[in-house]
Each structure stands twice: as C-alpha cells, then as structure tokens.
Visitor: 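Please read through the structure below; I'll follow up with questions.
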Amino acid sequence: MSDEEAGAAPAAGGRDAAAGPGRDEPGEDKAGASPERPRALQGPRGPAGGGADAARAVREARANFTVHGANTVVDSAAGAVHVGDVYQFGGRPSLVSGAVPRDELRALRLVFAEPPGYGELRELLTERRIIALCGDPGTGRGYAALSLLDELTRGTVERMDPRTELDRIADTDIQDGHGYLTEIAVDGFPARAGSGDTPAGTTGGDHPARSAAGARPAEIHLDRLRDLLTARDAYAVLVVDAGDFADELLRGRYGTLFRPPDAESVLRRHLRPLLGAGGTEAVERAVAVSCGADVTGALGLEQLRPHEAVTLAGLLARHAKDELTDDGLRAECAGFAARQARAWFAGAGRGGSLGTALTTLRPAAFRSALAVYNGAPYSVAAEAAEQLAWEFAATWAPEEVPGRPLFTDNLQARLTAARAVLEDGAAPVGDVEVPVRTVRFQGRALSSAVLGHIWDQHHNARGPLSRWLRTLCDDSRPAVWVPAAVATGALSWRDYPYALAELVLPMAAADSAFQRMAAATATAEGARHEAVRGAARALVRGWARGTDPLLRRTAALVHGYGSVEESLTAGLDELGRLAGAASDRDGGAAETDWGLLEDTAYSVVRLLAGPAPGTVVTRIGRWLGDGRASRRDLGLLCVVGAVSMRAWALWGLEDRTELEPYLSRPLVAALLAVEPGERHRLADLVRFALDNGRSRDAVLTALTDWIRRGERDAALLEELCRFLPLVAADEPGRERLRHLAARLERDPDESVDPAVTARVREAMAPGEGNTAP
C-alpha cells in the first residue's frame, strides 16, 4: 500500500500521528511499504468463531467461578468419615439387627419434617411391606425411613446390620410386628457414617471387605422377603444411594425416588429445642438471619439439604447465644459447598472391577461436567460428562474399554444426586433464539467447590481432567469450548505451573484456531487474579517476541481481553508490536503474516467494544496515519472489522451492560447508540477506510448490510442516516453512497424497500445538517 493510497491521517488520530513512526511501539523504526503486492483488506475474521452463543456462554461460565470462598476442606475431627473394622465372611450369615432406642424415636418425632409425598410412601409401605428410598446421602432418607417404620410398628424398629445378605434371610430371622431399616450405598458398601440421613452415630462405618454381590438383591429376592415380612406382619425400608442399583430398583416394584423435605421446615424444627428458652420469637429471629443476603451469599446454595439445615440450625443457635460472631457464621456457611463436594467424591472409583468402579465414576463425572457447564444446554453437559467418565475409566483401568449405559439411567435420580435441575432455556442460532433444555446446580458455589476439590485434593484426577478440558476446547461450538476455557483459567490460578504445562501451553501452540482461542481465554481469565497476573504478562510477552508463529497469534488473541497488561494503553502497545512482527520477522523482510495481522486486528476491535472505546479510537487513528505499512494495514483491518462485525461476536470476560440492547448490530452502529460523543471520530475512521482502495469494497459491503438491516430496524436506519453524512463529507463520497442506495433498490434478487433507499438518499442530499462539520 503506497502512501498516496493511504492518504492523510484521519482526525481521530490527531495531526501529530501522521508525522512519523508511532510513539506507541518503542523499539521499532522500520517504515515503508509492504514488499508484497497490495492486498484487498476484508477485516479480521474472528479466529475461533463465536456469536451470541459465545457471549452467553462466557457470561454463564464466569458466573460459575465468581464464588471464591472456602472451596476445599480438610478432614477434621468433627467432619471426618469414620472407617469401621474389616469383616471377613464365610458361610451363611444370619440376620443381625439392633433395636432403635425408644428415646431416639421420640427425639425424631419432635424434629422430623415430612418430605413431599410422605403419605404416599406410607401407603406404599403398608401395601408392599418393603420399599426402597433411592437418593443421595444427606437428603433425610434415613429419618423418613425410621419415621415410616415407627408409625407402622408403634416404635418397634430394628436397624439391620448393613452386611446382611437380604436374599438369605430366613423366616425365623423376622420378628412379629417389627420394622427393619438397612442402608445400601451405591457401590454395594454400607452407607457412610455422617452422611446426614440418620442421627449421628446410628450407622456403621465403611466396610472395605464387603462384597457388593450380597448387598444388591434382585427383585425376585425382594419378592421373597416381602412374603416373609407379610407372614410376620412386619415391614422393611431400604435406603439406597443413587446409582446403578437405585436405577434398577426404580424400574421395578419397590424403588421410589426420595425427595427431601423443605429445608426451612427442618431448620425451624431443629431450632425450637436449641433455642427453647427464647420461644417462637427467637426462632423467627434466627430464621431471619439465615435468610439474610450475607448468609445466603456465603452458603452459595439455593436449597439446603436436611443435614445442612440441621448443621445451620446449630450455627444459628450459637450465633443467637453470642457464641459465634457474624464473621464466624459467614465463614462456617462458606464451607457448606466444599463439604458437599468432598462427600460427593469420597470413595469415587472404589471397587474390584471397572463395572463396579463406574457406578461411582459416572456420577462423579456428571458433577464435574456440570461444574463446567452449569447453566448450559443439558445435551452439552451430559455428553461432556460421558467423555469425562471415559477418561476416568481409562485412567482407572487402562487395559479395558468402558462403554455407556443406554436405557438404564434414571434422569431424575441423576439430577437429584447432583443437586441439579432442568429448566426451559433458549440458545441463539444467528439472530434467532430456539428453545433448549438447560441444566444447572442448585447453587452457584458448587461449581467452584467441585472443581477446586478435584484439583486440590485428588492429584491423579488432574490428568484425565486436563485431557478432557483440552478436548472440549477443540470443539467448534462456543457453547462447548468457551466454558471449558473459562474453567481452565479458573483452575490455573490454583496451580499455575501445572495448568500452564498441561493445559495452556499445548493449546497455545496448537494448529487448531479453537484451541488457541481457548488458550487465550484461559490465560486472560487466569490473569484476573493478582497472584498470577505478572507471570501471565511475562508469558504472553515471551510468546509475542518469540519465533513461533502460532504462539504469536495466541499472544495477539490474549490482548483482546485487556486483562494481562497493566493498562489498556500498554495492551495496545503490545498489539502494535505484533502488527510490526507480522510484516518484519527476525529483522529481515518477509511475506506478511496475514493470520497474525488479522488476529491482532480482531483483538483491537474487541477492545473497542470494551469500557474505554475512545482510547482505542485514538490509537486506530494514529495507526492509519503511521508511515509504516504494517500499522496502516492494522488500522484499516480494525475499521473494517468495526463496521462489519456484530457486537455479540466481540464478547469478552467483562460485560459492558450498556451494549446489551445493541448486540445484534455492527459494532460501530452499537457504539453510535452508547457513545454519541465518539460519533465524529468514528466517522473519520470509516471515511478514511472508504476512501482507501484496498478497504473500500469491504466498507461498502458492511454499509450494505446496515441498509438492509434498516428495513427491519427503524432505529438503526435513523442512526445510519445521521452517521452517513459525516462519513461522506464531500460530493464524491455522497455520490458513492447514493449510487449504493440506488443499486440496492434495483437489486433483482433482494431489492430494498424504496422508502428505505429514499431515506438514505435524502440523508445524502446537500443541505444543513447533512454534511460533516
């Protein structure tokens, strides 16, 4: 591009900008034309695609990791899982049970809150004699089971030894009129002590030597047990963890999905005895404290489970008695999500075979995937979960090939076990939104707690998790790769060197544009944390000044987020240097690296959509007036991108809320609505690009799109008609735009409404208010 083609610097850059090399790129003094023939400039392409779905995905993903409380919990005397004795088996075991003390049942009656459908459960148990309550530990299944048996047997309840093989119970083992409770965990081991389903100290510990086969009876064995119970006018309730066995029971006669009781009811019932002297007023004050924004914010959970409500009741009682300060209460509440994450992954993958291990690995994978895709379409989260389950299984048993279950999953049980819900949502496809089914945790704190627990507490899980995230970051769908990249960034500040080596660097130098964009996103997200910002800045500058062309392109993309450098000006300095590197590599003439130049321009346009567009407009103007071809090319590419790229394609890690109503417009059109003070300077930039032969066609194509959109958006048409006279300040420019309007009106394939083109021609007519000052 010759200096004659470039013309004079536009007013946006200031007159001094045209005087010589720009002062924003110290260390470069080479000027002159590009050694290759002039190239028509079409603007940056947006290297990894994206659109309205990418903008929504990054907003949802970032919200998942804004809760930075106590995300990891170490074992303590109060919360540790107790492991019982190891039992050896031989021969036929007889039923061993122990009576539930009457005092315990009386205490239960005082605090028990009926779960939804409790009456139906009582009717089922009365009719069938045996039922299985399937659900996640901590939901109050054990309390409900004890209450049901207490009512039907008038307090004659036995707790069955969890080692008992139900298919071998004899008629002599059952006592007349008794009720029997037994707990079966997902992998065939007894339920964990301290799970919150039954009062503390009333369940056995884990029994590693127990065979899963004895704890998972077939339905025919339950039929036999039902006959034995009927003959003795007795009852039995099984408490079963969510998983394959629960799914099997739910498809049969005896299984029912347990829904936990309302947390506030549980809270009130436990507060009454704890605050007995204060009466109803004290209970109401404590409940009001629990509903306060500081407590609910610290909890990060929408609906507490019963055992959490019991714990919170104890904390509120201490707070009411001035034994716990406000800060202490918030600190205790901040650990609830972390304790849930610890409970979810305790013992995951345990078992003697891959099939047994998968019964816990698959729920663990689903919870992990939901931590990344919280709020995303269910199909995205579910598919990601299956991929992670495969990675977990391949790590657990490298010589075996895991499969997927087809029709044996119970969706509602799976969601309940993950504290998740399905909702009706919408996903953008172009400018149109289509309905989708979305899934999310019932609490924003869970995403950070789950990923933080895996990363910090289970080192061997990092490998499959990292491979999984890298694979997801190579998916072309923004709804897939954007949340994976944001999660990568959130993990990086927890162990930056590891994340850099295993996640960021392999993607930053990848041939895949999606992985490079994901690496840039992760680096920029990680740099938001002060502890790693300096390291990220040094890393990106090293990429930019190195010789690897792909790392240079990734460095250019990182600067589009504006989070690595200390200021916006410093970021623009780095982008200017990268533009120079695109044309002058290793100190000698070389063909222009248009990929690097376009990625650099793309990042500049992203910054133009940021909180300080005036600074970026000034810099683009200086580049257009620069004597160096690389800077002029960069400036022209930026202008073309700004007039042609939709605002939603320029998403970042920070939302600019005032742009929200205008995201479907080209960026310049959106800025005209929210930055009226920049109207004239934006017009200067567009006029310069329109007068330049290399960028004129691209600008006219963008303006054509504006006019066509004006048919459907009257406000955009009026904005365009106020803007065009500033762009076409002389008669040749006005004539060019009048000719464009006439051509669109006569288009044989897609003619524009004559009223629209007439409005454009009217705006171009000479007269007061229709020329640029």
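Just the heavy atoms: all of them, side chains too, but no hydrogens, waters or symmetry mates, feed the values below. Please read all numbers here as calculations on a predicted model, not as lab measurements. Numbers here are sequence positions counted from 1.
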Visitor: Before giving the answer on side-chain contact (heavy atoms from CB on, under 4.5 Å), spell out for Phe336 and Leu446 the whole-Å C-alpha distance, their side-chain angles and the decisive distance to 0.1 Å.
Guide: CA-CA 9 Å; Phe336 275 47; Leu446 290 170; over 6 Å; no
Visitor: Under the side chain to side chain contact (heavy atoms under 4.5 Å, CB included) test, which residues partner Ala426, sequence neighbours left out?
Guide: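 Arg56, Glu433.
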Visitor: Of all residues at least two apart in sequence or in a different chain, which pass the salt bridge (charged side-chain N to carboxylate O under 4.0 Å, His left out) check with Asp475?
Guide: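 Arg477.
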Visitor: Measure from NZ or CZ of Arg606 to the centre of the six-membered ring of Trp651 and say whether it is under 6.0 Å with the direction within 45° of the ring axis.
Guide: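 Judged by the rule, Arg606 and Trp651 form a cation-pi pair.
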Visitor: I'd like to know if Asp474 pairs up with Arg516 as an ion pair, taking the criterion as any Lys NZ or Arg NE/NH1/NH2 lying under 4.0 Å from an Asp or Glu carboxylate oxygen.
Guide: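 Here Asp474 does not pair with Arg516 in a salt bridge, since their nearest N and O are not under 4.0 Å apart.
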Visitor: Cation over ring, Arg552 on Trp543, under 6.0 Å and within 45°?
Guide: no
Visitor: Regarding Arg342 and Gln457, is there a side-chain donor-to-acceptor distance under 3.5 Å anywhere?
Guide: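 Per modelled atom types, Arg342 and Gln457 side chains form no pair under 3.5 Å.
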Visitor: Would you mind checking if Glu183 and Arg159 are paired as a salt bridge, meaning a charged N to carboxylate O distance below 4.0 Å?
Guide: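 No salt bridge links Arg159 with Glu183.
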Visitor: Should we say atom CH2 of Trp455 is surrounded by more than 12 heavy atoms from elsewhere, each under 6.0 Å from it?
Guide: yes
Visitor: Give a yes-or-no answer on whether the side chains of Arg467 and Thr395 include a donor-acceptor pair shorter than 3.5 Å.
Guide: yes
Visitor: Between Glu502 and Arg462, is there a side-chain N and carboxylate O pair less than 4.0 Å apart?
Guide: no
Visitor: Please determine, by modelled atom types, if Thr438 and Tyr378 share a side-chain donor-acceptor pair under 3.5 angstrom.
Guide: no
Visitor: One thing to verify: whether Asp456 and Arg494 come together as a salt bridge, which I'm taking to mean a side-chain N less than 4.0 angstrom from a carboxylate O.
Guide: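 Salt bridge flag = yes for Asp456 with Arg494.
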Visitor: Is the distance between the ring centroids of Phe392 and Trp468 under 6.0 Å?
Guide: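 Not close enough - the centres of the two rings lie 6.0 Å or further apart.
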Visitor: Hey, can you tell me if Phe441 and Trp344 have their rings parallel, tilted or perpendicular (30° and 60° cut-offs)?
Guide: parallel
Visitor: Quick one: do Glu386 and Arg414 make a salt bridge, cutoff under 4.0 Å?
Guide: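 Here Glu386 pairs with Arg414 in a salt bridge, since their nearest N and O are under 4.0 Å apart.
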Visitor: Quick one: do Glu219 and Arg251 make a salt bridge, cutoff under 4.0 Å?
Guide: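 Result for this pair is no, no salt bridge flagged.
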